[in-house]
Amino acid sequence: MGNVNQVIEELLVYGENKGLLGEWDKIAARNRIREILAIESSPAEPLIAEDISSPLDPQPLLDQLLAYAVKVGLISDQITEKDLLDTKIMGALTPRQSEVSRNFYQTAETEGIKRATVEYYNFAKATNYIRQARIARNINWTAENKYGQIEITINLSKPEKDPAEIEKARNQVQSNYPSCFLCLENVGYPGNFKHPARQNHRVIPLKLQNEDWFLQYSPYVYYNEHCIVFHRQHIPMRINKNTFAVLLDFVEKLPHYFIGSNADLPLVGGSILSHDHYQGGRHIFPMEEAEEEAYYLHPTFPDLEISRLKWPLSVIRLKAAVREDIINLAAKVLTAWREYSDPELNILAFSEQDQQKTPHNTITPIARQKNNLYELDLVLRNNRKDEEYPEGIFHPHRELHHIKKENIGLIEVMGRAILPGRLKAELNLISDYLSGKLEFSDLENRAELQKHLAWIKLLKNKYGTSLSSEKAEKVLEAEVADKFSRVLEDAGVYKNNAVGQQGFDRFMASLGIEKKEF
């Protein structure tokens with residue numbers, strides 16, 4: 001660890017080079033960081049910016065300051081305490097909320113909205129709100145299959161807490177401020193053992209359907225410019241006609257981004273249903289490029305192109321130059337689907353529970369602009385459970401849980417798997433077996449591989465155990481992608497067979513939407 005005052009000076013130069021600090025901001029930032037670290041000795045001589053090569057990522061400098069804080073007893077050597085402290089330090093370099101939003105809209109006006117989002121994304125990385133060093137740990141690959149390309153991510157960016165940190169979190173005084181991780185009140189929030197620090201977090205205000213919404217980037221960025229758009233108020237997620245209008249408002253303002261919503265019911269939705277929000281960004285997902293395998297007509301909307309996608313889930317795609325046509329037909333589809341049942345295919349809109357009707361049908365919508373047309377995908381979802389499938393009828397079934405058992409949310413719906421970090425080590429061991437470095441008995445004795453043993457036997461029968469290390473890795477990438485396709489097929493309400501397509505067409509016909517015959 002270098003001299004702590006010298007490291008602070010290097011961090012200030014980093015902040016200036018990244019546009020977080022002006023020349024005369026550095027004094028106040030220096031004093032704030034020294035206060036955070038309880039430093040009373042004289043500061044180092046200020047560095048001249050050209051005398052230092054500023055890192056692309058502030059984490060190496062922050063790590064030195066964290067080591068100092070541990071050494072002098074300010075914090076313990078635990079990940080959560082370190083995260084709380086280095087975020088507080090970066091907060092000393094982060095401009096005020098009003099400056100950030102003003103700069104965004106000035107850039108949008110003078111250089112265009114695409115440039116404004118690029119600068120804001122770079123800002124989120126520069127402040128370490130997006131922890132690039134952690135994101136870089138994620139493992140990513142793509143694989144071709146019958147639906148086109150499938151994208152796989154093994155998520156290694158969220159650090160695991162040790163038992164001592166979990167105990168501290170358990171003993172933390174319960175607070176309802178902020179109400180959740182998405183609330184506007186997270187801007188500048190100091191955090192605690194249950195809630196991440198956000199002193200380096202700034203958002204961009206948006207008006208969508210004359211309501212206050214805010215744009216931010218996800219700290220976990222699962223794809224390029226992965227953004228979140230959240231409502232000013234802490235109100236529950238709800239898919240309705242206004243949802244479609246808000247989504248198309250957004251792509252009108254940011255036509256280089258897609259935007260979509262998780263479904264608004266448990267099991268088929270995302271992890272935060274208590275706060276209305278969407279996810280978007282600058283990425284072309286596999287579903288966007290999926291083949292349109294059937295076309296339909298609605299007499300009220302003759303200029304609207306309606307199609308069914310060749311995709312594991314059941315997707316209706318609407319395209320039009322006039323956004324109101326899309327909004328109105330999407331609302332009709334949603335209203336009908338909420339009430340629609342097809343018992344032969346296990347689709348029931350409601351069940352009786354405690355003398356109340358429990359709803360099961362909803363939609364995952366995704367909007368974009370392409371070729372001067374508005375485009376809205378409506379993914380039909382159902383969250384029923386039964387004795388055969390207690391985790392969910394249209395949910396990954398148990399034989400696939402060794403790869404994926406969590407909810408299938410928006411990102412996965414579009415063809416990008418977010419798989420648990422445990423798979424990295426598990427797949428490495430299976431690769432070693434397929435390349436002859438381990439015996440089956442070595443795998444049988446490992447508790448974490450018990451769930452994979454049946455699959456491993458199938459892999460052995462298919463590929464043998466004398467592959468090269470590179471070939472074994474490629475085989476597993478393809479096999480995991482195939483498993484994920486099956487996960488998505490499980491989540492599809494209408495299966496990709498003759499019976500499923502007939503059921504899809506029955507639902508469309510119930511809306512007065514007739515299939516085109518060629």
Check whether the ring centres of [X] and [Y] lie less than 6.0 Å apart, and answer yes or no.
| X | Y | value |
| --- | --- | --- |
| F285 | H283 | yes |
| H395 | Y389 | no |
| F507 | Y494 | no |

Can [X] and [Y] be counted as having a side-chain donor-acceptor contact under 3.5 angstrom?
| X | Y | result |
| --- | --- | --- |
| D482 | S485 | no |
| S157 | N155 | yes |
| N262 | H277 | no |
| N140 | R416 | yes |
| R381 | T362 | no |
| E291 | Y147 | no |
| R384 | T358 | no |
| H360 | S351 | yes |

Exercise: identify the closest heavy-atom pair between [X] and [Y]:
| X | Y | result |
| --- | --- | --- |
| L423 | H402 | CD2-O, 3.9 Å |
| L378 | P365 | CD2-CB, 4.2 Å |
| P396 | K404 | CB-O, 3.4 Å |
| Q279 | F258 | O-CE1, 3.8 Å |
| N346 | F394 | O-CE1, 3.7 Å |
| F350 | P359 | CD2-CA, 3.7 Å |

Taking the basic N atoms (NZ, or NE/NH1/NH2) and the acidic carboxylate oxygens, is any pair closer than 4.0 Å for D377 and R368?
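Salt bridge present between D377 and R368.
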So does E391 pair up with K405, basic N to acidic O under 4.0 Å?
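Salt bridge absent between E391 and K405.
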Approximate separation, where rounding is to 0.5 Å, of [X] [atom1] and [Y] [atom2]:
| X | Y | atom1 | atom2 | answer |
| --- | --- | --- | --- | --- |
| S314 | N496 | OG | CG | 7.0 Å |
| L348 | N382 | CG | CG | 7.5 Å |
| L265 | N407 | CG | CG | 11.0 Å |
| T243 | K241 | OG1 | NZ | 12.0 Å |
| L208 | L247 | CG | CG | 9.0 Å |
| W337 | N361 | CH2 | CG | 4.5 Å |

Determine, stepwise, if the pair D83 / T80 fulfils side-chain hydrogen bond (donor to acceptor under 3.5 Å, both in side chains).
CA-CA 5 Å; D83 283 359; T80 302; 5.9 Å; no
Does any pair with a residue in residues 260-280 pass salt bridge (charged side-chain N to carboxylate O under 4.0 Å, His left out), and if so which ones, sequence neighbours excluded?
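Listed by first then second residue: R238-D264, D264-R338.
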For E444, salt bridge (Lys or Arg N to Asp or Glu O under 4.0 Å) partners two or more places apart:
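Here no residue qualifies.
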So which of F214, F250, W213 actually passes ring-ring contact (aromatic ring centres under 6.0 Å, His included) with Y278?
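For Y278, the ring-ring contact (aromatic ring centres under 6.0 Å, His included) check succeeds only for W213.
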Knowing that exactly one of Y257, Y223, Y217 qualifies, which makes a ring-ring contact (aromatic ring centres under 6.0 Å, His included) with Y121?
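With Y121 as partner, ring-ring contact (aromatic ring centres under 6.0 Å, His included) holds for just one option, Y217.
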How about CD on E406, more than 12 heavy atoms from neighbouring residues, nucleotides or ligands closer than 6.0 Å, or not?
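Enclosed.
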Given side chains that start at C-beta, do those of [X] and [Y] come closer than 4.5 Å, heavy atoms only?
| X | Y | value |
| --- | --- | --- |
| R486 | H397 | no |
| H298 | I306 | yes |
| I154 | N138 | no |
| K253 | I113 | no |
| K515 | Y295 | no |
| V487 | E489 | no |
| I366 | I259 | no |
| E305 | E292 | yes |

Taking [X] for its side chain and [Y] for its backbone only, find out whether a donor-acceptor pair lies under 3.5 Å.
| X | Y | result |
| --- | --- | --- |
| Q149 | A143 | no |
| N461 | L458 | no |
| H195 | G191 | no |
| T117 | K114 | yes |
| N186 | F181 | yes |

Between L267 and K385, is a side-chain contact (heavy atoms from CB on, under 4.5 Å) present by the stated rule, with each step listed?
CA-CA 10 Å; L267 190 66; K385 302 177 183 180; 4.2 Å; yes
With sequence neighbours excluded, what pairs up with Y463 under the ring-ring contact (aromatic ring centres under 6.0 Å, His included) test?
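None.
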Full working for side-chain hydrogen bond (donor to acceptor under 3.5 Å, both in side chains) between Y374 and E252
CA-CA 9 Å; Y374 294 99; E252 202 169 83; 2.5 Å; yes
Show, in sequence, the C-alpha distance, side-chain angles and deciding distance for H275 and S179, and conclude whether the side-chain hydrogen bond (donor to acceptor under 3.5 Å, both in side chains) test is met.
CA-CA 9 Å; H275 196 133; S179 297; over 6 Å; no
Step by step, work out the salt bridge (Lys or Arg N to Asp or Glu O under 4.0 Å) result for E426 and R446.
CA-CA 10 Å; E426 293 167 8; R446 302 190 71 114; over 6 Å; no
Kindly determine whether Y296 and D505 satisfy side-chain hydrogen bond (donor to acceptor under 3.5 Å, both in side chains), including the steps that lead there.
CA-CA 9 Å; Y296 301 82; D505 290 345; 2.5 Å; yes
Evaluate R308 against E293 for salt bridge (Lys or Arg N to Asp or Glu O under 4.0 Å), listing each step before the verdict.
CA-CA 6 Å; R308 180 184 74 225; E293 64 176 358; 3.4 Å; yes
Report the C-alpha separation of E185 and R232 in whole Å, then their side-chain angles, then the decisive distance to 0.1 Å, and conclude whether the salt bridge (Lys or Arg N to Asp or Glu O under 4.0 Å) test is met.
CA-CA 10 Å; E185 289 73 23; R232 170 66 183 90; 3.3 Å; yes
Any chance you could lay out the side-chain contact (heavy atoms from CB on, under 4.5 Å) test for I411 and I418, step after step, and finish with the verdict?
CA-CA 8 Å; I411 296 172; I418 311 297; 4.1 Å; yes
